[in-house]
There are 2 protein chains.
Amino acid sequence: MARAGLSPQVVVRAGADLADEVGFDEVTPSALARRLGVRAASLYSHVGGADDLRTRIALLALDELADLASEALAGRSGKDALVAFAGCYRDFAREHPGRYAAMQVRLSPEAAAAGPGGRHADLTRAILRGYGLTGVDETHAVRLIGSVVHGFTTLELGGGFDHSAPPPDRTWSRILDGVDTVLRSWAAPS
Amino acid sequence: MARAGLSPQVVVRAGADLADEVGFDEVTPSALARRLGVRAASLYSHVGGADDLRTRIALLALDELADLASEALAGRSGKDALVAFAGCYRDFAREHPGRYAAMQVRLSPEAAAAGPGGRHADLTRAILRGYGLTGVDETHAVRLIGSVVHGFTTLELGGGFDHSAPPPDRTWSRILDGVDTVLRSWAAPS
DNA sequence: TCTTTTGCCTAATATGTGTAGGTAGTCTAG
DNA sequence: CTAGACTACCTACACATATTAGGCAAAAGA
């Protein structure tokens, strides 16, 4: 009887790919087992169950996106960094909708701590070096960037922009212009 | 045998309440039937199935929020309207997390058309009357407001702001200040 | 009161989740 | 190169959920 050569890594990656194709909600042990050509019970040697599978996919996606964002930020600062960082998130969501959806699951405290949760905040903070924001201003700015990028990306992915005329790309760059302006105004002593 | 007095409305409202208590993902025909004191099969006289139930909860939530936002906007304009509108969304999400999550489901085209999908865009547009934005600028502005409000709300609800110091309320008002500034700058001929 | 409607039921099927235990490939020691 | 340990995958099972079909009794209308 030939073996499929599974391992936790292989299973989780296949789960992430499946999520991108059919949606994160459709990623179930049985569906994943079908795709991998094994029986559902066989997956329980590699992942703990449906919840564990979803959590691991989320952590994988967070890690992958953090890698991409880290690379995109290298050597950039100020608005250049902001645009690169935001574009990274948006592109990731469009190319990997299932992984992006996975990232939204509320992680258990231990999973969040052990995982790459803090990496994203650190990366966002790195953008702000060019803006000279410190202390609470820095945190406000991290939250502003996160809100705008995540909000736009989610709405675009959900089809919220499909019914009105101008292409989302135009809106995207105008919004980033606006964020840049706001961040620079925050840098000035208020 | 006493009857439970169900109807599509009663079932959907109970489903929405259940979503607020235990999370939208946990709203299943069987869980809802348990709460209503009937057998799961009995629900199928009132809703089409699990998907139909979720869709109807989403439409109910969209309608309820549109009512609240409409009321909040009455007699306001400009930044006052913006703050009231955004606060309405944020408060709704915090008081009714399950309903808010339901609103994010991708509706089928017919459900979106028949439903209150357009009401929200119209309400957002109403804010902009005080800013003098027209044409594509208006659409860009609608998308900006939607992105910021939805993004912040989602992140806050997901606990994304729990680990850093300043209270989210402070960030919220600073972000709205920023949006107001951007909208006013867009109003000037670019 | 008689009839129609319908709300809720039981019964049954298909599918999904998760556990227990077995079998057969694969790896390591000598 | 063989003996034993390990483990990837299996079958079988118990249980929960989604959904359909058909029946009975309560409610509503004539």
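Here is the naming used below: chain letters follow the sequence lines, and residue numbers restart at 1 for every chain. FYI, side chains are in, hydrogens and waters are out, and symmetry mates aren't considered; it's all heavy atoms of this structure.
- For A:His46 and D:dC9, the shortest distance from a side-chain N or O to OP1 or OP2 is below 4.0 Å.
- At a threshold of 4.0 angstrom between heavy atoms, the contacts of A:Thr28 are confined to the sugar-phosphate backbone, with no base atom among them.
- Residue contacts for B:Ser30: at a heavy-atom cut-off of 4.0 Å it reaches the sugar-phosphate backbone alone, with no base atom in range.
- A:Ala41 comes within contact range of at least one nucleobase, with a heavy-atom separation under 4.0 Å.
- Atom CG of A:Leu43 and atom P of C:dG18 are 11 Å apart (whole Å).
- Whole-Å rounding puts the A:Leu6 CG to D:dC9 P distance at 4 Å.
- Atom CZ of B:Arg39 and atom C1' of C:dA12 are 14 Å apart (whole Å).
- Atom CD of A:Glu26 and atom C1' of C:dG16 are 13 Å apart (whole Å).
- More than 12 heavy atoms of other residues, nucleotides or ligands sit less than 6.0 Å from atom CD of A:Glu21.
- Rounded to an integer number of Å, the gap from A:Leu36 CG to D:dC10 P is 11 Å.
- Note: OH (A:Tyr44) to C1' (D:dA12) measures 15 Å, nearest angstrom.
- The salt bridge (charged side-chain N to carboxylate O under 4.0 Å, His left out) test with B:Asp63 is passed by exactly one of B:Arg56, B:Arg99, B:Arg119: B:Arg119.
- Rounded to whole angstrom, the span from the CG atom of B:Leu32 across to the P atom of D:dT17 amounts to 13 Å.
- Taking atom CG on A:Asp52 and atom P on C:dG18, their separation rounds to 10 Å, with Å as the unit.
- Within 6.0 Å of the CZ atom in A:Arg129, the count of heavy atoms belonging to other residues, nucleotides or ligands does not exceed 12.
- Residues B:Ser42 and A:Arg34 both approach DNA chain C. Their nearest nucleotides, taken by heavy-atom distance, put B:Ser42 toward the 5′ side.
- A cation-pi arrangement, defined by a distance under 6.0 Å to the six-membered ring centre and an angle within 45 degrees of its axis, is absent between B:Arg143 and A:Phe152.
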